[in-house]
2 protein chains.
Amino acid sequence: MARPTGRPIRNELLDAARLLIQTRGINGFSYGSLAASAGIKAPSIHHHFPHKDQLVAEIAAQYRDEFTDLVRTIDATSAVDRIIDYSRLYAETARVGRSCLCGAIAAEWSSVGEPVRDVVDAFFAEQVEWLRNCVVDGQRRGEIRVEGVDPATFARALFAHLQGALLLARSDDSFGGVTSTTRELVGHITGGD
Amino acid sequence: MARPTGRPIRNELLDAARLLIQTRGINGFSYGSLAASAGIKAPSIHHHFPHKDQLVAEIAAQYRDEFTDLVRTIDATSAVDRIIDYSRLYAETARVGRSCLCGAIAAEWSSVGEPVRDVVDAFFAEQVEWLRNCVVDGQRRGEIRVEGVDPATFARALFAHLQGALLLARSDDSFGGVTSTTRELVGHITGGD
DNA sequence: GTCTATACCAGGATAGAC
DNA sequence: GTCTATCCTGGTATAGAC
């Protein structure tokens with residue numbers, strides 16, 4: 001593949017490697033395959049990223065930052081709408097045939113080192129916490145029932161559901177309906193007590 | 001590792017390989033690692049399973065059969081109780097530090113051949129269908145609301161949630177609470193219309 | 001910053017002795 | 001049915017020329 005000019009090759013490599021991990025998994029991508037996508041020879045990659053695990057750690061950190069920025073753009077007033085908008089981020093990921101980068105890493109947990117694991121752990125915790133805050137806010141606003149709804153547990157269930165949906169979308173295209181299943185789950189906790 | 005006598009080495013290999021896949025992933029296990037767990041040399045495995053993909057296909061088929069048998073033992077009268085009991089199968093899997101075999105394969109979809117994919121596809125479809133039947137039955141029995149609950153969508157959401165929970169359990173032990181999140185989701189669709 | 005050449009190891013697979 | 005020896009391939013990594 002030809003290499004577009006004007007853009008640091010380092011960023012090019014980070015993006016190409018991320019795509020490979022999100023489509024083939026941690027062990028399914030190699031310096032060889034990355035070299036092929038980036039239009040460079042495999043040993044040249046070592047000049048930018050001496051060790052594979054450093055490359056993966058940097059990709060994970062960048063993914064976490066960029067996803068956080070994406071989530072920050074969600075500005076609906078309604079808490080329920082914010083949750084639906086959040087699910088759209090996953091629907092879009094599934095639509096373009098990618099998995100969640102951190103989900104992919106979690107699936108091959110034993111293949112990564114501590115630095116990578118720490119980033120993924122933090123990412124998961126942040127996402128669940130963001131969802132929990134949505135639920136709490138929805139309860140405060142009267143959109144979501146207070147009785148019978150535990151914000152922390154429901155947030156974990158929602159997040160697990162999104163991760164699972166992305167996992168299943170790999171084998172079943174029809175699972176792209178992440179937003180519809182999210183609506184199904186959230187629809188049942190709305191309304192007054 | 002020493003090899004217990006009296007049991008066909010073939011079954012021994014199938015079990016050891018399944019454990020390896022469920023803990024290290026498809027690409028994380030090799031004939032070498034399997035040989036080490038089974039107390040045999042790597043080339044000897046080829047006598048029982050000439051090609052790795054055949055071995056994986058057989059493991060997947062066996063897993064599907066055994067899981068189906070397990071699900072068949074769920075005999076609670078209440079549909080909600082059956083769903084909770086079903087979630088316990090996943091909770092137990094997480095507890096012993098394993099992932100769902102088919103979930104692990106889905107995560108490394110590009111690393112397996114068509115025969116394996118067909119088995120995993122069938123497994124997922126069967127499980128979602130089983131859950132859907134539970135929801136429909138619950139509605140018929142008056143346990144689960146009819147209005148606003150789409151059995152197919154809710155079943156897919158439930159199943160995705162279970163798969164996601166198992167995925168997340170790999171990085172976060174506290175995610176073992178698969179049953180509590182299942183209760184949280186199912187609790188909101190119960191009661192009359 | 002990228003290349004060629006190369007070292008080294010691991011994985012899957014086969015041949016043939018025992 | 002299991003072993004040793006061996007082949008081939010691919011993956012990570014380094015050295016050193018350009």
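So that the names make sense, note that chain A is the first sequence line, chain B the second, and so on, each numbered from 1.
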**Q.** Options D:dA13, C:dT2, C:dT14, nucleotide nearest the side-chain atoms of B:His51
**A.** C:dT14

(Q) Could you tell me how far apart B:Leu55 (CG) and C:dG11 (C1') are, to the nearest whole angstrom? (A) 14 Å

Q. In whole angstrom, what separates B:His46's NE2 from D:dA5's P?
A. 17 Å

Q: Give the rounded distance in Å between these two atoms: CZ of B:Arg24 and C1' of C:dG11.
A: 14 Å

Q) Looking across every strand, which nucleic acid part, if any, lies under 4.0 Å from B:Pro50 by heavy atom: base, sugar-phosphate, or nothing? A) sugar-phosphate

(Q) By nearest atom, which of the nucleotides C:dT2, C:dT4, D:dA5 is closest to the A:Pro43 side chain? (A) C:dT4

Q) Any idea which of D:dA13, C:dG12, D:dG1 is nearest the B:His48 side chain? A) D:dG1

(Q) For a 4.5 angstrom cut-off between non-hydrogen side-chain atoms, does A:Tyr63 reach A:Val119? (A) no

Q: List the steps, then state whether salt bridge (charged side-chain N to carboxylate O under 4.0 Å, His left out) holds for A:Glu108 with B:Arg24.
A: CA-CA 6 Å; A:Glu108 296 177 81; B:Arg24 302 192 207 171; over 6 Å; no

Q: Nearest whole angstrom, please: distance from the P of C:dT6 to the OH of A:Tyr31.
A: 23 Å

Q. Counting any heavy atom closer than 4.0 Å, what does B:Ser44 reach on the DNA or RNA strands: base, sugar-phosphate only, or nothing?
A. base

Q: Would you mind telling me which of D:dT12, C:dG11, D:dT2 lies closest to the side-chain atoms of B:Ser30?
A: C:dG11

Q.
In whole Å, I'd like the distance from the NZ atom of B:Lys52 to the P atom of C:dG11.
A. 9 Å

Q) Considering only side-chain heavy atoms of A:Ile9, which listed nucleotide, C:dT2, D:dG1, C:dG11, is closest? A) C:dT2

Q: Quick one: do B:Arg156 and A:Glu184 satisfy side-chain contact (heavy atoms from CB on, under 4.5 Å)? Show the steps, please.
A: CA-CA 10 Å; B:Arg156 289 205 306 164; A:Glu184 179 75 34; over 6 Å; no

Q.
Against B:Trp130, only a single residue in B:Tyr86, B:Phe67, B:Phe159 fulfils ring-ring contact (aromatic ring centres under 6.0 Å, His included); can you say which?
A. B:Tyr86

**Q.** Spacing between A:Lys41 atom NZ and C:dT2 atom C1', to the nearest angstrom
**A.** 11 Å

Q.
Ignoring hydrogens, what is the shortest heavy-atom contact between A:His48 and A:Ile9? Give both atom names and the distance.
A. CE1-CG2, 3.3 Å

Q | Rounded distance in Å - CG (A:Asn27) to C1' (C:dG11) | A | 12 Å

Q.
What is the separation between atom CD1 on B:Ile26 and atom P on C:dG11, rounded to the nearest whole Å?
A. 15 Å

